**Student:** 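My structure is below; once you've seen it, I'll send some questions.
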Amino acid sequence: MKKAVLAYSGGLDTSVTIHTLTEEGYEVHAVVVDVGQTEDWDQVIDRGNKAGAAGVRVIDAVDRYADEILSKAIKANGLYEAKYPMISGLSRPVIVEEVVKVAREVGAGAVGHGSTGKGNDQVRFEVGFFVLAPDLEILAPIREAQLPREKAIALAGEWGIPIDSVGTTYSIDENLWGRACECGPLEDPWAAAPEDAFARTAAPGARPAEPTEVVVAFERGVPVALDGQTSTLAGIIRAVDGLGGSYGFGRVDMVENRRVGIKSRELYEVPGALALIRAHQALEEITLERDVAHHKPIIEQRWTQLVYDGQWFGPLREALDAYVDATQSHVNGDIRLRFEAGTCTVVGRRSEHSLYDLSLATYGEGDAFDQSDAAGFVRLFGLPLKVWSQKQRGK
Ligand code: ARG
């Protein structure tokens with residue numbers, strides 16, 4: 001029997017995919033990668049089995065996701081279109097790797113995904129498979145069938161796949177780095193997001209009145225401790241995400257540009273991701289030399305685009321990460337974050353390697369900056385414009 005390994009999420013589309021592939025004569029091995037999503041695994045396994053899978057495997061990759069991928073996203077301040085921490089784009093490489101591993105183990109000739117033809121995830125899965133397993137056939141039955149969501153729901157019902165708990169109004173993708181929500185009422189960009197679209201951030205009326213502060217310690221650009229308590233990166237992300245979420249911080253409502261050319265309205269809940277990137281940027285403010293600080297965002301933007309576009313396994317992403325790493329050797333220190341209803345603010349920063357020099361910055365006593373140096377500097381700095389104004393500006 002032909003064997004296929006499917007990147008299974010437990011959701012509507014991938015459950016329907018299992019059934020479709022089974023009907024096409026495949027023995028389907030469903031692989032769910034735990035990248036930190038909140039999930040009832042028994043239910044996910046049960047749904048996969050009822051959909052017809054030969055087996056459903058849950059693979060724990062939470063720490064690997066944090067250590068090998070999210071650490072890089074923090075160092076690169078990865079925000080697509082300056083807002084979106086790429087929770088889907090960052091998790092797909094781990095899923096692709098795990099699916100390929102299982103495909104080799106069971107001797108499958110094909111790998112599959114449940115993405116539609118309208119999104120970014122098909123690109124991320126398939127380009128990943130092209131690199132890691134160019135010999136395997138790729139199956140994408142949802143894209144082939146061009147199934148509207150309503151039809152997929154009806155088919156699941158017809159085929160006895162229990163989807164009541166899958167949440168059929170919205171399409172959700174969730175992991176340690178945050179939660180994405182699309183479809184349903186969100187498709188109207190003028191309509192305010194209904195409160196039931198949120199799950200990870202407290203509603204305006206349910207946020208604590210008192211602010212709270214937390215100190216994030218970084219080593220070489222990566223968070224290593226919270227309030228002096230060392231922890232795994234996954235542990236730190238979870239804690240900051242939970243805290244930020246309880247304050248209702250981290251809601252992003254945006255219209256983004258997908259790789260396939262569509263503008264789509266997306267709702268993200270990313271308290272931990274935004275707070276940690278913000279903290280990392282604040283630490284870079286005091287530890288990066290000026291020219292590095294000005295150049296790095298150009299590299300960050302390219303890095304972010306590559307990740308969003310599914311080019312994780314390519315050589316440019318690796319080369320850019322080497323650049324980013326070279327900038328991080330002194331990004332060590334502490335950032336104090338304050339959470340208040342709906343907000344997260346950097347209120348303090350300190351580092352052994354800080355380039356902030358009080359004797360240069362102060363307007364008070366102990367000033368070591370000789371202001372008489374400035375007059376000649378400004379004269380030469382402004383000389384080209386002065387000459388231009390005299391000769392060409394016209395009156
Ligand atoms: N648009 C985002 C991205 O491409 C999120 C996709 C999330 N998927 C979902 N089924 N809601 O990265």
Side-chain angles (χ1 to χ4, degrees), residues 71-79 82-83 85 211-230 236 240 243-244 247 249-250 271-304 320 323-340 342-389:
S71 62
K72 292 184 169 69
I74 295 169
K75 289 187 274 192
N77 300 313
L79 294 174
K83 288 184 181 167
T212 195
E213 290 187 2
V214 68
V215 174
V216 189
F218 287 83
E219 263 172 36
R220 300 177 84 85
V222 179
V224 292
L226 267 192
D227 286 334
Q229 196 92 12
T230 57
I236 292 172
V240 175
L243 182 65
Y247 277 86
F249 167 70
L274 289 190
L276 290 171
I277 288 175
R278 193 168 290 181
H280 177 259
Q281 285 172 322
L283 188 56
E284 287 190 324
E285 284 172 13
I286 59 169
T287 52
L288 294 191
E289 184 277 330
R290 177 182 185 266
D291 281 329
V292 176
H294 288 185
H295 192 262
K296 184 169 175 269
I298 300 168
I299 302 299
E300 290 174 353
Q301 210 195 349
R302 192 73 187 93
W303 187 92
T304 298
L320 297 186
Y323 169 98
V324 170
D325 275 339
T327 66
Q328 299 295 293
S329 50
H330 295 94
V331 185
N332 307 323
D334 297 329
I335 295 298
R336 194 147 53 90
L337 294 176
R338 181 178 296 160
F339 290 96
E340 283 172 281
T343 66
C344 167
T345 317
V346 172
V347 294
R349 66 285 278 160
R350 66 181 174 202
S351 167
E352 256 183 78
H353 304 291
S354 176
L355 301 172
Y356 176 86
D357 185 335
L358 183 63
S359 70
L360 292 179
T362 184
Y363 286 96
E365 297 288 330
D367 189 355
F369 185 92
D370 183 352
Q371 298 196 29
S372 64
D373 287 347
F377 164 76
V378 177
R379 262 197 301 277
L380 297 191
F381 180 74
L383 186 59
L385 288 186
K386 189 174 179 183
V387 173
W388 167 76
S389 176

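Since the model is a prediction, treat every value here as computed from it, not as a measurement.
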**Student:** At what distance, to the nearest 0.5 angstrom, does OG1 of T287 lie from CZ of R349?
**Tutor:**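 Atom-to-atom, T287:OG1 and R349:CZ are 12.0 Å apart.
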
**Student:** For the pair L337 and V346, evaluate side-chain contact (heavy atoms from CB on, under 4.5 Å) and give the outcome as yes or no after the intermediate values.
**Tutor:** CA-CA 5 Å; L337 294 176; V346 172; 3.8 Å; yes

**Student:** Would the distance check show the side chain of T304 and the main-chain N or O of E300 forming a donor-acceptor pair, the cut-off being under 3.5 Å?
**Tutor:**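 Yes.
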
**Student:** Going by heavy atoms in the side chains, are L276 and H280 under 4.5 Å from each other?
**Tutor:**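 Not in contact.
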
**Student:** Within a 6.0 Å radius of atom CD on E219, are there more than 12 heavy atoms belonging to other residues, nucleotides or ligands?
**Tutor:**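 Check fails, neighbour count at 12 or below.
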
**Student:** Kindly compute the distance separating CD (E285) from OH (Y356), expressed to the nearest 0.5 Å.
**Tutor:**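 Separation between the atoms: 12.5 Å.
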
**Student:** Quick check: closest heavy atoms across D334 and V215, and the distance to 0.1 Å?
**Tutor:**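 Nearest heavy atoms, D334 then V215: CB-CG1, 3.8 Å.
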
**Student:** For Q301, is the CD atom crowded, meaning more than 12 foreign heavy atoms sit under 6.0 Å from it?
**Tutor:**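 Open: at most 12 neighbouring heavy atoms sit under 6.0 Å from CD of Q301.
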
**Student:** Answer yes or no: is there a donor N or O on one side and an acceptor on the other, between the side chain of D370 and the main chain of S372, under 3.5 Å?
**Tutor:**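 Answer holds: yes.
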
**Student:** Would you indicate whether the side-chain heavy atoms of V224 and T230 approach each other to under 4.5 Å?
**Tutor:**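 A side-chain contact is absent here, since even the closest heavy-atom pair is not under 4.5 Å.
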
**Student:** Can you find a heavy atom in the side chain of T327 that is under 4.5 Å from one in the side chain of V331?
**Tutor:**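 SC-SC contact between T327 and V331 ruled out.
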
**Student:** Report the distance from atom CD1 of I299 to atom CZ of R302, rounding to the nearest 0.5 Å.
**Tutor:**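 CZ of R302 is found 9.5 Å from CD1 of I299.
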
**Student:** Using modelled atom types only, decide if a donor and an acceptor are shared between the side chain of T362 and the backbone of G364 within a distance under 3.5 Å.
**Tutor:**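 Looks like yes, one N/O pair under 3.5 Å.
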
**Student:** Which is it for E289 and H330 under the side chain to side chain donor-acceptor pair (under 3.5 Å) test, yes or no, and what are the steps along the way?
**Tutor:** CA-CA 10 Å; E289 184 277 330; H330 295 94; over 6 Å; no

**Student:** Please round to the nearest 0.5 Å and tell me the distance separating atom CG of L380 and atom NZ of K386.
**Tutor:**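 One gets 10.5 Å once the value is rounded to the nearest 0.5 Å.
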
**Student:** Is the shortest heavy-atom distance from the side chain of W303 to the side chain of N77 under 4.5 Å?
**Tutor:**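 Heavy-atom side-chain distance check fails, nothing below 4.5 Å.
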
**Student:** Do L274 and C344 touch side chain to side chain, with heavy atoms closer than 4.5 Å?
**Tutor:**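 No, too far: nothing below the 4.5 Å cut-off.
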
